[in-house]
Amino acid sequence: MKATVIATFFGVFLTCTYTAKEATKKTKKAKLYVPQIDCDVKAGKIINPEFIAKCPPGCQDVKYRVYGTDIYASFSSVCNAAIHSGIIDNTGGKILVQKVAGHSGYRGSFSNGVRSLSLPRWRESFLVSEGKPRKGVTYPTTLEYSSSKSTTVKSEPKKPEQDLKGMKSADTANTSEKALEQGDTVRKENQTTPVPTPATQMATTTPTPMTTTTDPSTTMPQPTKTPAATRTTAAAAKTRPGLHRVRDMGSSSVHPAYASVVAAAARQVQAAQGRGQNTGVQRQEPVATFQRAASSPAHLAMETDSWKPGLSLFDTGFSSKEELNPKPLEPISQGNQNCKVDLSFLMDGSWSIGKRRFQLQKRFLGNVAQALGIGSAGPLMGIVQYGDDPSTEFNLKTYANSKDLRNAIEKIQQKGGLSNVGKALSFVNKNFFLDANGNRGGAPNVVVVMVDGWPTDRVEEASRLARESGINIFFVTVEAAAQSEKQNVIEPNFVDKAVCRTSGFYSINVPSWFSLHKVVQPLVKRVCDTDRLACSKTCLNSADIGFVIDGSSSVGTGNFRTVLQFVANISKEFEISGTDTRIGAVQYTYEQRLEFSFDKHSTKQDVLNAIKRISYWSGGTSTGAAISYASEQLFSKSKPNKRKIMILITDGRSYDDVSMPAMAAHQNGVIAYSIGVAWAAPDELEAIASDPAKEHSFFVDEFDNLYRYVNQLIQNICTEFNSQPRN
């Protein structure tokens with residue numbers, strides 16, 4: 001009998017030991033999980049500021065563009081940049097990626113079998129190194145993408161006693177990504193969970209849990225309308241009166257559908273903290289009492305880990321549309337669609353302004369917001385207050401209509417300090433216009449600086465770097481320094497040094513804070529005049545590019561498709577929209593045909609689709625007539641602030657003269673590039689090209705080699721743009 005008891009006890013002991021070891025193994029395995037990314041993923045699409053990822057084999061390909069050497073522009077392929085830098089080879093592997101500030105120049109080079117492109121400037125950069133964790137840094141197992149794409153970590157299997165009705169078994173853990181799309185569930189009960197705060201542009205209603213056991217101090221408020229995209233930092237985030245305050249909720253039973261919403265919020269909180277939203281010095285105001293500190297990374301990890309995929313939506317009583325795409329309580333304003341700009345106001349919060357004038361400044365900003373017509377398809381506006389140090393009051397995606405924005409402005413409290421304008425401009429340049437903060441890419445970036453008197457630091461260098469990043473800087477100066485104060489001015493004529501042009505377009509001086517209301521409309525009119533916002537222009541977003549394509553009989557159908565692919569490969573490297581680079585195309589033989597004009601397509605995908613649809617014509621080769629036709633039908637309708645670039649592709653000598661039409665095009669401001677194939681005449685290519693001809697004309701012996709000049713052509717366009725005076 002004793003032997004049986006001992007044997008049974010020993011068996012149980014071994015079973016428990018084995019189970020514990022297995023659980024430890026699985027836990028360690030989960031900690032070491034590294035998300036995989038695709039070859040075409042660009043660093044700018046991933047929101048996480050630092051992460052380890054695994055690249056697949058086969059990323060060493062010219063179609064995965066890389067810009068820079070050692071330090072890369074954020075719209076480079078992450079994996080191909082890692083190959084270029086020698087961290088991995090074409091078989092793939094783990095890499096460590098760190099986001100850093102944008103640079104004013106990126107040098108192209110050929111390294112490890114990868115050709116990288118040069119670029120004059122970009123708003124964000126990244127570094128790649130060996131995929132080994134840095135000491136003290138916690139790396140995400142799920143990457144957050146600006147396009148809502150996410151890589152999901154394989155979940156740890158739950159013990160049988162933790163399984164809930166309807167949950168999938170641990171054997172199907174490899175389908176966790178699909179399960180995450182369908183809904184989340186609770187791993188264990190009686191765990192304190194923060195109420196979600198919205199972090200998207202859509203205002204949401206928080207569902208009330210079906211069964212809750214709480215004490216009065218942690219009662220869950222009823223569903224509340226909240227302004228769209230309120231900031232979701234942890235406990236240390238600035239909280240203003242009127243915003244929904246976060247409380248912990250002790251719950252003995254949580255409805256699965258509610259769990260899904262809370263889980264999403266927990267992930268958003270962790271992601272927001274991970275990517276450093278709302279950086280800068282912030283005022284500390286009283287916030288609601290938490291039962292435990294939600295700002296600690298360990299707590300956030302625990303809260304996020306408490307939600308696991310696996311519960312079918314059909315078990316919750318809610319449809320997938322209701323759970324994953326909650327409807328807004330109020331329609332989102334489209335706004336003034338004739339004024340699509342991303343706008344940041346630098347608000348003077350220094351002590352020198354005084355309380356009364358600070359109130360006048362807030363009233364002015366509220367009136368500007370009303371006059372702009374804030375909306376998702378129009379202008380978006382955020383505010384940074386500066387004093388000794390700058391801090392973001394709210395970013396571009398926080399408010400989607402003028403009414404909510406005005407109400408938020410009224411609640412801003414003065415922070416005090418000096419008037420460090422240069423420091424504030426540097427902060428905006430590095431932190432404000434990020435995709436994660438609502439920057440739309442296709443809208444010009446504008447900063448309006450409010451200054452009471454004069455800055456207490458230098459602004460020229462910070463302004464130059466901001467302008468080179470594509471930011472249009474306006475100054476509204478009020479009550480300039482008195483004669484007795486001028487000796488304290490650090491940088492005389494700071495406005496002329498800071499703005500893009502000294503013609504007066506980018507600066508407004510107001511003699512008194514009490515007359516600010518008079519400049520509301522003039523300022524709004526200038527900010528919305530996108531054709532004159534010349535400082536938001538880079539080599540990739542400032543041109544009207546017209547392709548003139550030889551469709552003669554000698555080209556042939558197969559080669560013509562190769563030419564169209566060449567045209568598409570060039571086009572997709574530019575930022576295409578109604579206010580950025582625009583693309584047009586003409587095909588010619590003896591005759592000419594306008595395939596599509598500059599104003600026909602306003603998105604990159606529409607342009608690429610239009611190129612693909614061009615049908616081969618076949619006929620003779622009248623290149624001179626084609627240049628004249630393109631000048632009349634395309635470039636005569638180009639916008640005044642656009643650089644006019646003609647890229648002509650031909651495979652033979654023209655039946656007519658090309659020199660006179662080309663000269664006329666050059667005199668009308670058209671920058672001409674000529675690409676010759678096979679039997680194209682070198683003398684004609686040089687006559688068509690702008691000076692110097694060797695930088696504007698190219699020749700390949702066969703159509704299949706056209707791709708070799710994509711990078712060189714774009715590099716030359718950018719180099720030429722960068723050499724032009726900006727001021």
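Values below: all heavy atoms of this structure, side chains included; hydrogens, waters and symmetry mates excluded.
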Minimal non-hydrogen separation, Ser597 against Leu634, with atom names: CA-CD2, 4.0 Å
Under 3.5 Å side-chain donor-acceptor pair for Thr623 and Tyr588: yes
Atom pair CD1/CD of Ile83 and Gln60 - distance to nearest 0.5 Å: 5.5 Å
Residue pairs, two or more places apart or on separate chains, that pass ring pair (Phe, Tyr, Trp, His ring centres under 6.0 Å) and touch residues 539-585: Phe560-Tyr616
Sole residue of His696, Glu695, Glu720 in side-chain contact (heavy atoms from CB on, under 4.5 Å) with Ser690: His696
Leu380 side chain near Asn395 side chain, heavy-atom distance below 4.5 Å: no
Mutual orientation of the aromatic rings belonging to Tyr673 and Phe698 [parallel < 30°, tilted 30-60°, perpendicular > 60°]: parallel
Heavy-atom check, side chain of Ile645 versus side chain of Phe721, under 4.5 Å: no
Lys45 side, atom NZ; Glu144 side, atom CD - distance, nearest 0.5 Å: 13.5 Å
Distance, nearest 0.5 Å, that separates OG of Ser129 from CD1 of Ile87: 6.0 Å
Side chain to side chain donor-acceptor pair (under 3.5 Å) pairs, two or more places apart, involving residues 658-669: Asp657-Ser659
Trp122 ring center near Tyr106 ring center (under 6.0 Å): no
Sulfur-sulfur distance Cys39/Cys79 under 2.5 Å: no
Nearest heavy atoms of Ala462 and Gly422, plus distance in Å: CB-O, 3.4 Å
Carboxylate-amine/guanidinium proximity below 4.0 Å for Lys644 and Asp544: no
Close aromatic pair by centroid cut-off 6.0 Å: Tyr72 and Phe126: yes
Test item: Ile46 and Val97 side chains (from C-beta on) under 4.5 Å apart, heavy atoms: no
Residue pair Asn439, Leu434: steps toward the side-chain contact (heavy atoms from CB on, under 4.5 Å) verdict: CA-CA 6 Å; Asn439 183 48; Leu434 302 176; 5.8 Å; no
Shortest non-hydrogen separation from Tyr655 to Ser622 and the atoms involved: CB-OG, 4.5 Å
Test side-chain hydrogen bond (donor to acceptor under 3.5 Å, both in side chains) applied to Ser654 and Thr621, step by step: CA-CA 5 Å; Ser654 176; Thr621 310; over 6 Å; no
Heavy-atom side-chain contact between Phe433 and Val447 under 4.5 Å: yes
Side-chain heavy-atom pair Asn80, Asp61 within 4.5 angstrom cut-off: no
Worked check of side-chain contact (heavy atoms from CB on, under 4.5 Å) between Ser111 and Thr69: CA-CA 9 Å; Ser111 178; Thr69 301; over 6 Å; no
Salt bridge present between Asp435 and Lys397 (N-O < 4.0 angstrom): no
Heavy-atom pair of closest approach, residues Val548 and Ala626: CG1-CB, 4.0 Å
With Glu130 via salt bridge (Lys or Arg N to Asp or Glu O under 4.0 Å) - residues at least two apart: Lys132
Separation of SG atoms, Cys339 and Cys528, below 2.5 Å: yes
Ile549 and its side-chain contact (heavy atoms from CB on, under 4.5 Å) partner, picked from Leu564, Leu648, Ile611, Val586: Leu564
Audit row: Leu465, Leu425, side-chain contact (heavy atoms from CB on, under 4.5 Å) steps and yes/no: CA-CA 9 Å; Leu465 292 174; Leu425 282 167; over 6 Å; no
